[in-house]
> 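Please read through the structure below; I'll follow up with questions.
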Amino acid sequence: MKRWSFLLIIAMGLTVTQCSDPGGLDTVSGVTGQISFDPVWPDSLEAAVVVVFDVDLDLDSVSVPGYPVVDHFVTFGDPIEPGTISTEYFVQLQPGSYVVMAIGLRIDPAILLANRSLFERIGEFIVSPENAAPRGIVIREKRINEQTGWYVQF
Amino acid sequence: MKIRTTAPQSPLWAQIILILVLTFASSCLHAQEMGSLAGRVTDHKTGDGLPGVNIQIMGTSKGTMSDMEGYFILPDLNPDSYQLRFTMMGYVPQNLKDIQVAAGITGNLDIGLKQNILASPQVVVTSSRRDQDILESPFSVSAIGPREIQAKAIINMADILGYEPGVNLVNGQLNIRGASGYALGAGSRSLLLLDGIPMLGSAAGNISWGNVPTSEVDRVEIVKSGGSAMYGSSAMGGVVNIITRNAPPEPETRISTRLGVYSEPRVEQWRWRDNPGLTSMAEISHSRSLGDHAVWVKLQKHRDDGFGELNWVDAITFSGKIKFNFGSAHSASIFSNVFSEDKGLLSTWKSPADPFEAPVGSEKDHTDGVKTILNGQYAYLHSPELSFKVRAGSYTNDWVGYGADPDYSNEQKYFGELVSNWVVNPGLSTVTGLTIQRNAVEAQIFGEHDSRSVAGYLLAQQSLRDITLSLGGRYEAYAVDGASQDQVFSPQLAINWKPQPWLAMRVSTAQGFRVPTVAEMFTRARRSIFYVEPNPDLIPETSLSQEVGISFIAGEYGVVDLLKLDAALFQNQFENLIEPVPDSMAIIHFQNIADARIQGAEIGVGVSFFDNITDLKTSYTWLNPVELDGDGQVIDTLSYRYRHHWVSTIGIHVWRLDGSLEYRYASALESVELFPENLQTGQDRQVPISVWNASMGTEWSGWKLLFRVDNIFQYYYTQLERNMEEERLVTVSLEKRL
């Protein structure tokens with residue numbers, strides 16, 4: 001009977017080895033860095049965010065009423081509270097080419113997140129910084145693209 | 001097994017007196033001369049007498065228990081042929097057929113029972129509030145015995161429950177067959193009892209697993225069918241009753257220690273500390289009898305660096321239990337547990353690129369608090385047919401939160417209950433009870449509130465041949481802050497058919513309810529980027545559950561030593577389900593959402609082979625949890641419920657080694673509340689749970705050594721969004737019994 005048990009143990013061992021393909025969470029790709037702000041934030045801003053667009057975005061038209069910003073929107077990072085002087089950011093992205101920029105929001109980002117329909121009008125809520133130019137980035141598989149030296153003044 | 005038939009030996013004069021007495025008695029009473037059975041139950045392997053073995057004469061209400069040396073006697077039996085059933089926790093149940101009893105003769109019956117880790121308790125107390133054969137339970141029940149608990153050498157009881165059929169935990173929140181989901185830790189729909197006394201927090205109605213003295217647990221019973229008739233609010237999804245052990249008659253001192261090390265994250269990108277995290281536990285306990293009474297005390301120190309930056313814990317626990325025996329009719333017990341814990345407070349990870357680190361600014365977030373339990377119980381056996389129990393308990397929880405959002409809370413819970421068990425006749429038994437409960441809380445995020453409830457319940461069970469019919473109901477009224485809030489009546493009806501000693505079928509329907517907790521009604525706090533605001537207008541949620549099931553327990557057959565099977569189909573229909581719902585202003589209110597329904601199927605099998613060298617325990621649960629609109633149409637999947645859940649444990653017992661391999665699988669969550677998966681970026685990805693654990697242990701001359709590896713393959717997943725779950729942990733436990 002012990003022989004049967006040993007065979008069972010071996011079968012179990014083989015099964016475990018074969019079934020142990022780790023399909024869980026793994027290394028992610030994205031963009032990260034440190035971002036600094038001018039200490040004086042306009043009162044109209046509810047938050048700032050690092051936002052990511054596709055490379056077809058017309059940067060000159062972002063604040064032009066009627067321009068379909070949402071068509072080029074990919075995602076944004078965690079909200080940065082008004083008054084913040086410096087903070088880390090991270091935005092997870094699939095491999096590809098993107099445009100990254102820091103923007104001010106005239107709407108509470110939580111409300112924006114809770115109302116997907118407001119995304120259609122996101123251009124109305126965006127304040128572009130005076131000094132920080134958008135950056136083009138390339139994200140590679142399981143790599144983090146570091147973008148440092150950002151100083152933003154709204 | 002040996003069966004001998006011998007006449008009792010006694011002096012001549014005694015025999016003459018006995019004959020005269022019996023002659024007189026028989027002429028007066030015209031009674032039939034009786035016979036009896038006596039013998040000893042021993043451990044098949046060691047030959048030691050087994051105390052407390054339940055010996056039941058099948059088809060009758062007669063039975064007995066073996067004494068401290070394993071001896072038993074069944075007197076006053078009509079001459080006939082009987083079938084006997086011997087059951088004891090941790091041993092394979094054994095049935096003996098065609099045991100002949102002759103008039104005036106004491107038949108001698110010696111029997112050896114075989115140990116088996118799968119042989120969980122056969123007598124349960126939770127489903128019908130009285131001692132009952134698990135196969136005669138009207139509801140789905142599973143039970144975990146002490147050998148199974150000790151074999152894992154775990155500190156947190158939740159680590160065992162997650163491997164039971166249909167049970168999983170989302171961030172510590174207990175889920176039985178998907179009833180609870182995850183509601184920010186508030187409002188459990190599964191009730192936790194400690195020795196029959198409710199242990200949910202008075203403010204959030206949540207479970208604190210640190211209150212459970214895991215190493216002192218005798219057994220755990222899990223009632224999985226819904227309904228509140230017996231246990232009231234929060235039992236609508238099921239009940240977990242943790243029963244602490246009584247001290248053994250022989251003095252015993254136990255010293256144990258557990259050391260462990262967390263692996264570095266498998267992913268290079270996620271590594272965050274220079275030295276691996278450690279976990280340690282040291283415990284000393286002593287138990288002894290004091291005359292007719294018995295006592296145990298335990299002191300435990302636990303320190304854990306955690307697998308993540310804010311998963312650390314530093315805790316110390318003192319617990320003890322005194323069991324008083326005042327003759328055969330009166331007994332009482334007092335249990336106390338003082339649990340002091342300082343622990344990190346994690347809300348979300350820093351980022352998916354740093355999932356084991358805390359967000360910037362929250363690195364110092366922690367809570368420091370003390371939870372104190374004082375429970376007492378008094379039992380009075382008025383006659384073999386009528387008994388009473390009085391239970392009383394208090395649970396206080398005081399803590400202070402430090403860090404980015406300082407907080408505090410002082411909570412008290414008081415509970416009292418009077419229960420009577422009355423066997424009206426051999427076929428009819430009743431359980432009647434009256435409970436009162438008071439919760440009081442003063443906290444920064446809840447304010448100062450007070451809730452009280454009073455309830456009465458009745459359960460009657462009538463046996464008709466192989467069928468047991470259960471009918472019961474509970475009436476409960478409760479008030480919040482002095483104002484009457486609601487009154488609820490919850491009936492239940494169940495039928496159990498046990499055509500064979502090894503086979504039973506059951507069908508049940510029951511109503512359940514849960515009153516909203518103080519946390520759901522009055523919380524004002526921030527959760528991630530969302531705010532939670534009060535909703536004092538919440539009304540109780542109610543449920544209607546149905547279940548059909550079949551259970552099968554068989555002893556030796558060929559190479560199979562024990563085979564257990566339980567299968568069930570179930571449905572739970574909820575009305576006014578309370579869930580946290582973010583509104584368009586990103587403010588979360590706990591709301592009575594329309595309706596919901598959870599349908600499912602579950603099958604669990606336990607089997608041991610080859611003279612108990614190998615055993616397998618496996619179960620699969622399928623759920624279909626949906627939210628319904630007013631017309632009963634499906635509008636969404638309920639959040640934080642797993643559609644498929646599979647757990648398996650394989651054990652090997654050769655020479656003096658006990659090895660086990662565990663596997664837990666749950667399909668990916670299909671719906672969450674705060675951060676749904678972003679398919680475009682891959683952010684907040686939900687993956688299935690697929691975790692392997694293994695252990696190898698041995699016992700020798702009072703020493704016990706156990707190696708254990710949790711999450712062998714370092715599988716990474718989240719349950720609550722942006723909260724990474726367990727890292728691989730390697731532990732060594734050493735215990736010495738003196």
Side-chain angles (χ1 to χ4, degrees), chain A residues 1-9 11-13 15-17 19-32 34 47 52 54 73-79 81 84 86-96 98 107-118 139 142-144, chain B residues 265-270 348 350-355 359-361 528-531 559 582-588 609-611 613-614 616 650 652-655 659 661 663 665 674-675 678-692 694 712-718 724-725:
Chain A
M1 280 186 276
K2 287 183 180 176
R3 188 176 55 194
W4 283 103
S5 292
F6 291 130
L7 286 173
L8 190 63
I9 294 168
M12 280 162 39
T15 307
V16 170
T17 313
C19 296
S20 61
D21 175 34
L25 297 175
D26 207 343
T27 313
V28 296
S29 48
V31 57
T32 191
Q34 192 82 21
V52 181
D54 65 32
F73 172 80
V74 176
T75 189
F76 58 77
D78 289 341
E81 290 187 13
T84 300
S86 180
T87 188
E88 275 183 60
Y89 70 92
F90 177 81
V91 184
Q92 186 173 336
L93 293 165
Q94 302 282 25
Y98 302 95
I107 184 173
D108 186 332
I111 295 175
L112 194 61
L113 203 64
N115 296 271
R116 295 283 165 179
S117 59
L118 291 177
I139 301 294
K142 295 187 177 182
R143 294 291 179 86
I144 305 293
Chain B
R266 178 168 51 80
V267 174
E268 179 81 30
Q269 186 190 83
W270 296 349
T348 65
K350 184 178 179 181
S351 78
D354 300 296
V360 174
S528 185
I529 60 170
F530 294 87
Y531 289 90
V559 296
D583 66 11
S584 60
M585 297 301 289
I587 296 169
I588 294 174
F609 313 92
F610 310 128
D611 205 15
I613 289 175
T614 307
L616 168 70
I650 296 173
I652 306 288
H653 316 280
V654 286
W655 303 301
L661 187 63
Y663 179 66
Y665 171 84
L674 296 180
F675 300 105
N678 186 330
L679 297 173
Q680 197 174 1
T681 64
Q683 197 169 13
D684 298 307
R685 182 176 159 226
Q686 285 294 334
V687 297
I689 299 172
S690 176
V691 173
W692 291 89
I712 301 170
F713 299 109
Q714 292 187 283
Y715 185 89
Y716 296 109
Y717 63 98
T718 60
M724 187 67 93
E725 293 291 334

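Within every chain, numbering begins at 1; the chains are lettered A, B, ... in the order of the sequence lines, protein sequences first and strands thereafter.
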> List the atom of B/P352, the atom of A/Q92, and the distance in Å for their closest heavy-atom pair.
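Closest pair (atom of B/P352, atom of A/Q92, distance): CG-OE1, 3.1 Å.
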> Please give me the minimum heavy-atom distance between A/L25 and B/W270, naming the atom from each residue.
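Here A/L25 and B/W270 meet closest at O-CH2, 3.5 Å.
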> Can you confirm whether B/Q269 sits close enough to A/V28 that some side-chain heavy atom of one is under 4.5 Å from a side-chain heavy atom of the other?
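A side-chain contact under 4.5 Å exists here.
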> Is atom CD of A/Q34 surrounded by more than 12 heavy atoms (other residues, nucleotides or ligands) closer than 6.0 Å?
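For A/Q34, atom CD is crowded (more than 12 foreign heavy atoms under 6.0 Å).
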> How long is the straight-line distance from CD of A/Q94 back to CD of B/Q683, given to the nearest 0.5 Å?
10.5 Å
> Only one of A/T75, A/V52, A/I139 forms a side-chain contact (heavy atoms from CB on, under 4.5 Å) with B/T681, so which one is it?
A/T75
> Can you see which heavy atom on A/F90 is nearest to which on B/A353, and at what distance?
CE1-CB, 3.5 Å
> Measure the spacing between CD1 of A/I111 and CD1 of B/I587 and express it to the nearest 0.5 Å.
7.0 Å
> Roughly how far, to the nearest 0.5 Å, is CG of A/D26 from CZ of B/R266?
5.5 Å
